[in-house]
**Q** 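Structure below; questions to follow.
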Amino acid sequence: MSAESGCASLNMEKSSVILLDVAGTTTSINFVKDVLFKYVTDNVAEYLKEKWDEESVKEAVKKIKDEDLELEAAVKAVKEMTDGNTSNHGVKTIQTMMYEKGYENGGIKTHIFDEVASCVETWSKTHKLATYSVGTCAAQKLLFSHTVSGDLTSFIANYFDQSVVGEKTKKESYEKIAKELEVKCEEIVFVSDNVDEVKAAKEAGLVAAVIERDGNAALSDEVKKEQVVLTSFKDLTFENPAKRKIEDEPAASEAPPTKVAKTETAEEKIEAEQKVEKENVEKKAAEKKEEVESMEVDSATETPETKKKEETPAATEEKPAEAEKPAPKKEEEKKEKEEEKKKVTEEKKVETEEKKVEKEEKKVEKEEKKVETEEKKVETEEKKVEKEEKKVEKEEKKVEKEEKKVETEEKKAEEVEVAEEAKEEKKEEEEKKTEETKENGTKAVEVEEKENKSELANGVENGNVAAEEKQNGEEKKEEEAKKEEESEIKVKKLEEAVESTPVAVEV
Ligand SMILES: CSCCC(=O)C(=O)COP(=O)(O)O
């Protein structure tokens, strides 16, 4: 106890339970703020974004303000309430979920004050240990299973948080804890850095002390005068702790933390003495056994009784020791106690192993669920992409069809144009022909007149020229008739082509 303490020392005669606050008592406040809370504020945006659709996250978010929050609003609330260390159950739950990730993947190790691990281990042999924090029970378990001195959870029997028993500054909360642990309030020794919590605990009848730790706000002189102030767990000494039931003992001794300092306590001394006594009893029993055996060998006749003894060596081993009772009764009792303790320890060991397996199974289950969710996500994405591709394909086909339609229409329009041109050509051709026929007729008359005139004047020679010209005119006529016929065929063909086209086209 602190020399500064102006108060009477703690009455721990009746103590059977030690209840500890966490931040500022077992663990530095700076660790909580600079490591745990910082981890939350740094990663909450990403964490909530990733887990937004998970039921547990949805539930926790709903508890923040008793309403559905948008992602951004939830991130903001968690950041603000973590920075301000607000005791909001929704936020505390999200913090816990995040701590799990931080401890497992981020390699976070809990700071604990130097003597905490060894004291907790020692106390757990004579007392039931429990912790009480604003942080959730799950967060406390995580915190104590990853300390710089190893896993301390095997020394802690119970965890309490505000969602379970109420506010830490209310006396009723401590009464509830006592009820829960089935002990009287005065059997509980409570240690906290928070004076209001200590006052509330004392009001409920607990034995309580304030602890001063590095990183905590300084205590006022008034507090130092009024309260028992500790500076280390070592200040608490339990000379005559109330006897705990053996079945209450946690499986602590089987898994001591790696860095726990070994100091020989009164308990350990008693244990060592008991061990020596046990060895003496065993030695004496072995001597007696030997004596009985030698007596049996000396016996000349084999009676049914001696035969029975040989057949049941276990029975013979115990019989002489029991029959003659060579060791004092006290020693026998101690031996029995030892045996019982061993048995309980074994049972606890099995229990711890089972819990470990259960934890592993849960972990595997969680991982499987994660993988399943991921697979579903990928599947959904693939389906989406497939749908998009189909849509694009459909669009492309549509465009292709449209292009073909336009092409066909253009072709038809072109054909109609050609037909029109041919028609026009034919018309021109006909007009030309009519003109030429006219011209040729006039020319023939002129030639005839000329012939008649020159027949007289020029005789046979001139007559030959006229005949030649006539022949030329006839040949030309024939040629034109042929051309006309060809043109007609061409026009007819084009008209037929236009008529056979199924789609009506407006030109
Ligand atoms: C034990 S969980 C991490 C610490 C935490 O969240 C907290 O609020 C600590 O409060 P305490 O009541 O232990 O001072």
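This chain uses plain numbering: 1 for the first residue, then up along the sequence. Computed from a predicted model, the values in this text were never measured in an experiment.
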**Q** Using a strict cut-off of less than 4.0 Å between a Lys/Arg side-chain nitrogen and an Asp/Glu carboxylate oxygen, indicate whether Lys334 and Glu340 qualify as a salt bridge.
**A**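 Glu340 and Lys334: not salt-bridged.
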**Q** Drop me the distance from Met98's CE to Thr82's OG1, to the nearest 0.5 angstrom.
**A**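 Rounded to the nearest 0.5 Å, the CE-OG1 separation comes out at 8.5 Å.
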**Q** For the residue pair Ser149 and Ala117, what are the closest heavy atoms and their distance?
**A**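 Closest pair (atom of Ser149, atom of Ala117, distance): CB-CB, 3.8 Å.
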**Q** Looking at side-chain heavy atoms only, is the closest gap between Leu36 and Leu143 below 4.5 Å?
**A**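 Heavy-atom side-chain distance check passes, below 4.5 Å.
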**Q** Considering only residues two or more places apart or on different chains, which pairs with a residue in residues 86-119 satisfy ring-ring contact (aromatic ring centres under 6.0 Å, His included)?
**A**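 Residue pairs passing ring-ring contact (aromatic ring centres under 6.0 Å, His included), neighbours aside: Tyr103-His146, His111-Phe113.
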**Q** Apply side-chain contact (heavy atoms from CB on, under 4.5 Å) to Ala208 and list each qualifying residue two or more places apart in sequence or on a separate chain.
**A**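 Ala208 satisfies side-chain contact (heavy atoms from CB on, under 4.5 Å) with Phe190, Val198, Ala201, Lys202 once adjacent residues are dropped.
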**Q** Phe31: what forms a ring-ring contact (aromatic ring centres under 6.0 Å, His included) with it, not counting sequence neighbours?
**A**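 Result, ring-ring contact (aromatic ring centres under 6.0 Å, His included) vs Phe31: none returned.
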**Q** After noting the C-alpha distance and the side-chain angles of Glu167 and Lys170, does the key distance pass the salt bridge (charged side-chain N to carboxylate O under 4.0 Å, His left out) rule?
**A** CA-CA 6 Å; Glu167 284 176 46; Lys170 296 265 160 64; 3.7 Å; yes
**Q** Side-chain contact, heavy-atom cut-off 4.5 Å: Lys128 with Ser16?
**A**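 Of all side-chain heavy-atom pairs linking Ser16 with Lys128, none is under 4.5 Å.
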**Q** Applying side-chain contact (heavy atoms from CB on, under 4.5 Å), run through Lys14 and Lys184 and close with a yes or a no.
**A** CA-CA 9 Å; Lys14 294 178 192 163; Lys184 289 181 190 146; over 6 Å; no
**Q** Per the side chain to side chain donor-acceptor pair (under 3.5 Å) rule, what does the pair list look like for residues 360-379, sequence neighbours excluded?
**A**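 Pairs touching residues 360-379 that pass the test: Glu100-Lys366.
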**Q** Not counting sequence neighbours, which residues clear side-chain contact (heavy atoms from CB on, under 4.5 Å) with Glu54? List them please.
**A**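 Once residues adjacent in sequence are excluded, the partners of Glu54 under the side-chain contact (heavy atoms from CB on, under 4.5 Å) criterion are Lys51, Ser56, Val57.
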**Q** So, do Val120 and Leu129 sit near enough that their side-chain heavy atoms are less than 4.5 Å apart?
**A**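 Result yes, sub-4.5 Å side-chain heavy-atom pair found.
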**Q** If you take all heavy atoms of Leu69 and Ala74, which pair is closest and at what distance?
**A**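 Looking at all heavy atoms of both residues, the closest pair is CD1-CA, 4.0 Å.
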**Q** To the nearest 0.5 Å, what is the distance between CD (Glu336) and CD (Glu332)?
**A**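 One gets 6.5 Å once the value is rounded to the nearest 0.5 Å.
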**Q** In the structure I gave you, are the side-chain heavy atoms of Ile211 and Thr231 within less than 4.5 Å of one another anywhere?
**A**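 The answer is no, as the side chains (C-beta and beyond) never meet within the 4.5 Å cut-off.
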**Q** Distance from Thr169 atom OG1 to Glu203 atom CD, nearest 0.5 Å?
**A**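 Separation between the atoms: 10.0 Å.
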**Q** Do Thr131 and Gln140 have a side chain donor and acceptor closer than 3.5 Å?
**A**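 Yes, Gln140 and Thr131 have a side-chain donor paired with an acceptor closer than 3.5 Å.
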**Q** Might you point out which heavy atoms bring Ala45 and Val75 nearest each other, and give the distance in Å?
**A**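 Answer, listing the atom of Ala45 first, then Val75: CA-CG2, 3.7 Å.
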**Q** Does some side-chain heavy atom of Thr25 sit less than 4.5 Å from a side-chain heavy atom of Arg213?
**A**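 A side-chain contact is absent here, since even the closest heavy-atom pair is not under 4.5 Å.
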**Q** Do you know which two heavy atoms are closest between Cys137 and Asp161, and how far apart they sit?
**A**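 Looking at all heavy atoms of both residues, the closest pair is N-OD2, 2.9 Å.
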**Q** What's the separation between atom CD in Glu186 and atom CD1 in Ile188, rounded to the nearest 0.5 Å?
**A**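 Those atoms lie 9.5 Å apart.
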**Q** Yes or no on side-chain contact (heavy atoms from CB on, under 4.5 Å) for Asp83 and Phe37, after CA distance, side-chain angles and deciding distance?
**A** CA-CA 7 Å; Asp83 276 338; Phe37 288 177; 5.9 Å; no
**Q** Got more than 12 heavy atoms from elsewhere within 6.0 Å of CD, Glu67?
**A**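 More than 12 heavy atoms, drawn from other residues, nucleotides or ligands, come within 6.0 Å of this atom.
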**Q** Please tell me if the side chains of Ile177 and Leu19 come closer than 4.5 Å, counting only heavy atoms from C-beta onward.
**A**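 Yes, side chains in contact.
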**Q** Side chains of Thr136 and Tyr159: does their closest heavy-atom pair fall under 4.5 Å?
**A**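 Thr136 vs Tyr159: side chains apart.
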**Q** Determine, stepwise, if the pair Asn158 / Glu180 fulfils side-chain contact (heavy atoms from CB on, under 4.5 Å).
**A** CA-CA 10 Å; Asn158 298 78; Glu180 190 79 28; 5.6 Å; no
**Q** Identify the two heavy atoms, one from Gly24 and one from Asn216, that lie closest to each other, and give their separation to 0.1 Å.
**A**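 In terms of heavy atoms, the two residues are closest at O-ND2, 3.0 Å.
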**Q** Considering residues at least two apart in sequence or located in another chain, which fulfil the salt bridge (Lys or Arg N to Asp or Glu O under 4.0 Å) criterion with Glu72?
**A**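 Residues passing salt bridge (Lys or Arg N to Asp or Glu O under 4.0 Å) with Glu72: none at all.
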**Q** Determine, stepwise, if the pair Leu219 / Asp193 fulfils side-chain contact (heavy atoms from CB on, under 4.5 Å).
**A** CA-CA 9 Å; Leu219 296 171; Asp193 65 312; over 6 Å; no
**Q** Check the pair Trp123 / Phe233 against ring-ring contact (aromatic ring centres under 6.0 Å, His included), numbers first and verdict last.
**A** CA-CA 10 Å; Trp123 292 344; Phe233 281 176; 5.1 Å; yes
**Q** Would you list the pairs meeting ring-ring contact (aromatic ring centres under 6.0 Å, His included) in which at least one residue belongs to residues 46-67, sequence neighbours left out?
**A**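 ring-ring contact (aromatic ring centres under 6.0 Å, His included) check on residues 46-67 returns no pairs.
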**Q** Go through the structure and list residues passing side chain to side chain donor-acceptor pair (under 3.5 Å) with Thr41, not counting sequence neighbours.
**A**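 If we apply the side chain to side chain donor-acceptor pair (under 3.5 Å) test to Thr41, skipping adjacent residues, there are no hits.
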**Q** With a 4.5 Å heavy-atom cut-off, do Thr27 and Thr110 have their side chains touching?
**A**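 With C-beta onward as the side chain, the pair touches.
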**Q** For Phe144, give me all partners under ring-ring contact (aromatic ring centres under 6.0 Å, His included), at least two apart in sequence or on another chain.
**A**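 Partners of Phe144 under the ring-ring contact (aromatic ring centres under 6.0 Å, His included) test: none.
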**Q** Measure the spacing between CG of Leu142 and CD of Glu104 and express it to the nearest 0.5 Å.
**A**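 These two atoms lie 7.5 Å from each other.
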**Q** Using a cut-off of 6.0 Å, state whether more than 12 heavy atoms not belonging to Asn105 lie near its atom CG.
**A**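 Count over threshold, so yes.
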**Q** Look at the side chain of Asp235 and the backbone N and O of Ser232, then say whether any donor-acceptor pair between them is shorter than 3.5 Å.
**A**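 Yes, because the side chain of Asp235 sits within donor-acceptor range (under 3.5 Å) of the backbone of Ser232.
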**Q** Regarding Thr86 and Asn88, do their side chains bring together a donor and an acceptor under 3.5 Å, going by distance alone?
**A**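 Not at all, the side chains of Thr86 and Asn88 share no donor-acceptor pair under 3.5 Å.
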**Q** For residues Asp151 and Thr147, is any side-chain donor paired with an opposing acceptor at under 3.5 Å?
**A**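 No, no side-chain donor-acceptor pair sits under 3.5 Å.
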**Q** Give, for atom OG1 of Thr122 and atom NZ of Lys234, the distance between the pair rounded to the nearest 0.5 Å.
**A**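 Reported to 0.5 Å precision, the distance equals 9.5 Å.
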**Q** Just by distance, with hydrogens left out, do Thr153 and Ser145 show a side-chain donor and acceptor under 3.5 Å apart?
**A**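 Checked: Thr153/Ser145 side chains show no N/O donor-acceptor pair below 3.5 Å.
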**Q** What pairs meet the ring-ring contact (aromatic ring centres under 6.0 Å, His included) rule with one or both residues in residues 345-392, with sequence neighbours excluded?
**A**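 Pairs touching residues 345-392 that pass the test: none.
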**Q** Which residues pass the salt bridge (Lys or Arg N to Asp or Glu O under 4.0 Å) test with Lys168, sequence neighbours left out?
**A**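 Applying salt bridge (Lys or Arg N to Asp or Glu O under 4.0 Å) to Lys168 gives Asp21, Glu197.
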**Q** Taking side-chain contact (heavy atoms from CB on, under 4.5 Å) as the definition, give me every residue that meets it alongside Asn30, ordered by chain and number, with sequence neighbours left out.
**A**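 Expected list: Ser28, Asp34.
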**Q** Could you tell me which non-hydrogen atom of Tyr174 sits nearest to which non-hydrogen atom of Cys185, and how far apart they are?
**A**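 Of all heavy-atom pairs spanning Tyr174 and Cys185, the closest is O-SG, 4.5 Å.
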